[in-house]
Amino acid sequence: MKKIINIDGMNCTHCIEKIQNALYGLPQVDDVNVSLEEKKAEVTFNSDVNDELIKDLIDTAGHFNVTEIKEA
């Protein structure tokens with residue numbers, strides 16, 4: 001399962017690293033691709049993950065704001 005996560009507040013490669021590290025901390029995550037230009041992350045999961053958990057994880061990784069999560 002792949003999800004597209006729109007994220008506000010990213011402005012450098014350090015932000016990308018923080019988000020990747022936070023998402024890879026979930027055992028259900030197989031792959032993470034964060035785009036600074038598009039302000040989104042594409043995440044591949046090996047099992048279902050609650051969107052609220054994903055949002056909270058990213059929001060607390062830095063000064064980020066998840067604006068939308070949708071299945072790809």
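Positions are given from 1 along the sequence.
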Cut-off 3.5 Å, no hydrogens considered: what does the side-chain donor-acceptor table look like for residues 60-70, sequence neighbours left out?
{"residue": "T60", "atom": "OG1", "partner": "D56", "partner atom": "O", "Å": "2.8"}
{"residue": "T60", "atom": "OG1", "partner": "L57", "partner atom": "O", "Å": "3.2"}
{"residue": "T67", "atom": "OG1", "partner": "N6", "partner atom": "O", "Å": "3.4"}
{"residue": "E68", "atom": "OE1", "partner": "N6", "partner atom": "ND2", "Å": "2.8"}

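- Between Q28 and N46, some side-chain heavy-atom pair lies under the 4.5 Å cut-off.
- Considering only heavy atoms from C-beta on, L26 comes within 4.5 Å of L53 through its side chain.
- In the hydrophobic clustering of this structure, M1 does not group with V49; members are Ile, Leu, Val, Met, Phe, Trp, Tyr whose side-chain heavy atoms approach within less than 4.5 Å, directly or through other members.
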Going through the distances and angles, do N33 and T44 end up as a side-chain contact (heavy atoms from CB on, under 4.5 Å)? CA-CA 9 Å; N33 183 13; T44 304; over 6 Å; no
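- Residues F45 and I4 fall into different hydrophobic clusters, defined by Ile, Leu, Val, Met, Phe, Trp and Tyr side chains chained together at heavy-atom separations under 4.5 Å.
- The list of salt bridge (Lys or Arg N to Asp or Glu O under 4.0 Å) pairs with a residue in residues 29-38, not counting sequence neighbours, reads E38-K40.
- The shortest heavy-atom contact between V34 and A41 is CG2-CB, 4.0 Å.
- A continuous path of hydrophobic side-chain contacts links I19 to Y24 [ILVMFWY only; heavy atoms under 4.5 Å].
- Separating the CD1 atom in I16 from the CG atom in N11 is a distance of 10.0 Å, to the nearest 0.5 Å.
- Among residue pairs with one or both ends in residues 43-55, those qualifying as salt bridge (Lys or Arg N to Asp or Glu O under 4.0 Å) are K3-D51, K55-D59; sequence neighbours excluded.
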